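Here's the structure we're looking at; comments come further down.
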Amino acid sequence: MRARPAESARRLIADALDVHTSEAELTRAAYDVVARLGAPRRLLGLIRDVTAGDIDPEPRAGLSYRHVLGFDKLLLIDCGPRHMLRAHVWHPGTRAPGDIHNHRSPLASHIVRGALRMELYAHDTLPRDGGEQAARYRESLSRDTADWLLEPAGPALLRLTQVAEYAAGSSYALPAHTLHRAWSTASSPTVTLFLETGAGRRRHTDVFLGADSARHAPAVRKTPLGVKEYIRELESLESLLTGG
């Protein structure tokens, strides 16, 4: 019997990612996985499987939310503490370009629809033309609520190293410490398939605000979607992908 799309995707993620030990190998494998699962027909099958009614949506809804950087984060596959596959929906007119940050583990993303612009940054040691003064924060998750907690960590000097444009059908992958920010440049919703990897995640990430920005709040609330809202968002996503 042919495996259901959700089970097939879960098996592909486990087979591809659980055999790698180095961050470089994990990052490359994640890139290959999202490129395969991000094919529109395959992603549609996965979304329809999740919304079919015989997979309990409540655990996925509880790990889905509207991200502070301006996109909806919808969990599709939860591989326990190791890997998570999510659909990100970026709506026109949301905040851009957002904070410079890194992640707790390697990641990969496939642009299914629309377009993204990404900037990569590096730490600088000496002031120079083009350097950017910033305030650094250590971001962690509250054990009680999973809200984002932000602790000031002093000033920083960052240097822009690369600007890239990603159109529909393209993919990218980043090691955990890579400083970056990304935002949608399309006039209609952008959809990306995002794979968060790794059991040995860092306990905190780094977030950088421009030196002239207001001080960051010490906590940012993360509110999970309700089941009905989660299903409604997935149905809207399906409509987007089918041109409805």
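Just so we're clear, the structure is a prediction, and the values are computed from it rather than from any experiment.
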Ile47-Val34 co-clustered via ILVMFWY side chain contacts under 4.5 Å:
yes
Identify, with sequence neighbours excluded, every residue that meets ring-ring contact (aromatic ring centres under 6.0 Å, His included) alongside His180.
His101, His103
Who pairs with Tyr166 by ring-ring contact (aromatic ring centres under 6.0 Å, His included), at least two apart in sequence or on another chain?
Tyr172
Hey, does Asp15 have a side-chain heavy atom less than 4.5 Å from the side chain of Val19?
no
With sequence neighbours left out, the residues meeting side-chain contact (heavy atoms from CB on, under 4.5 Å) with Thr178 are Leu120, Leu174, Pro175
Hits for ring-ring contact (aromatic ring centres under 6.0 Å, His included) against His177, two or more places apart or cross-chain, chain-then-number order -> none
Within the structure provided, determine whether Asp49 and Glu7 are in side-chain contact (heavy-atom separation under 4.5 Å).
no
Is His91 close to Asp72 at the side-chain level, that is, under 4.5 Å between some pair of heavy atoms?
yes
Between the CE atom in Met118 and the CD atom in Glu165, the distance rounded to the nearest 0.5 Å is 11.0 Å
Do Arg181 and Tyr121 have side-chain heavy atoms sitting under 4.5 Å apart?
yes
Taking Arg42 for its side chain and Leu37 for its backbone only, find out whether a donor-acceptor pair lies under 3.5 Å.
no
With sequence neighbours left out, the residues meeting side-chain hydrogen bond (donor to acceptor under 3.5 Å, both in side chains) with Asp32 are none
Just one of Leu195, Leu46, Leu12 clears the side chain to side chain contact (heavy atoms under 4.5 Å, CB included) bar with Ile77, so which one?
Leu46
Under a 3.5 Å distance rule, please check whether Arg138 uses its side chain to pair with a backbone N or O of Leu149 as donor and acceptor.
no
Pairwise side-chain contact, Leu76 with Arg60, heavy-atom cut-off 4.5 Å (strictly under):
no
Can you measure from CG (Leu75) to CZ (Phe194) and round to the nearest 0.5 angstrom?
12.0 Å
Counting N and O atoms only, with roles assigned by atom type, does the side chain of Arg86 sit under 3.5 Å from a partner on the main chain of Leu63, one being a donor and the other an acceptor?
yes
Please confirm whether the backbone N or O of Leu160 pairs with a side-chain atom of Glu132, one donor and one acceptor, at under 3.5 Å?
no
If we only count heavy atoms from C-beta on, is the Leu225 to Leu74 side-chain gap below 4.5 Å?
yes
Kindly indicate whether the side chain of Leu116, heavy atoms from C-beta on, has any atom under 4.5 Å from the side chain of Trp90.
yes
What's the spacing between Thr190 OG1 and Arg117 CZ if we round to 0.5 Å?
12.0 Å
Nearest 0.5 angstrom please: Arg28 CZ to Glu23 CD, how far?
11.0 Å
With sequence neighbours left out, what residues match Ala61 under side-chain contact (heavy atoms from CB on, under 4.5 Å)?
Val227, Tyr230
Do the side chain of Asp124 and the main chain of Arg159 share a donor and acceptor less than 3.5 angstrom apart?
no
Steps toward side-chain contact (heavy atoms from CB on, under 4.5 Å) verdict (Leu107, Glu196):
CA-CA 5 Å; Leu107 64 94; Glu196 179 183 337; 5.8 Å; no
Could you check whether any side-chain heavy atom of Glu238 comes within less than 4.5 Å of a side-chain heavy atom of Leu234, counting everything from C-beta outward?
no
For the side chain of Ser140 and the backbone of His204, is there at least one donor-acceptor N/O pair under 3.5 Å apart?
no
Has the side chain of Thr197 got a donor or acceptor atom that lies under 3.5 Å from a matching backbone atom of Pro106?
yes
Reported NE2-to-CZ distance for the pair His83 and Arg10, which is rounded to 0.5 angstrom
11.5 Å
Establish whether Val33 and Val112 are linked, either directly or via other cluster members, by ILVMFWY side-chain heavy-atom contacts under 4.5 Å.
yes
Sidechain-backbone polar pair: Asp206 side chain, Asn102 backbone, donor-acceptor under 3.5 Å:
no
Verify, without hydrogens or angle tests, whether Arg113 (side chain) and Pro189 (backbone) share a donor-acceptor contact under 3.5 angstrom.
yes
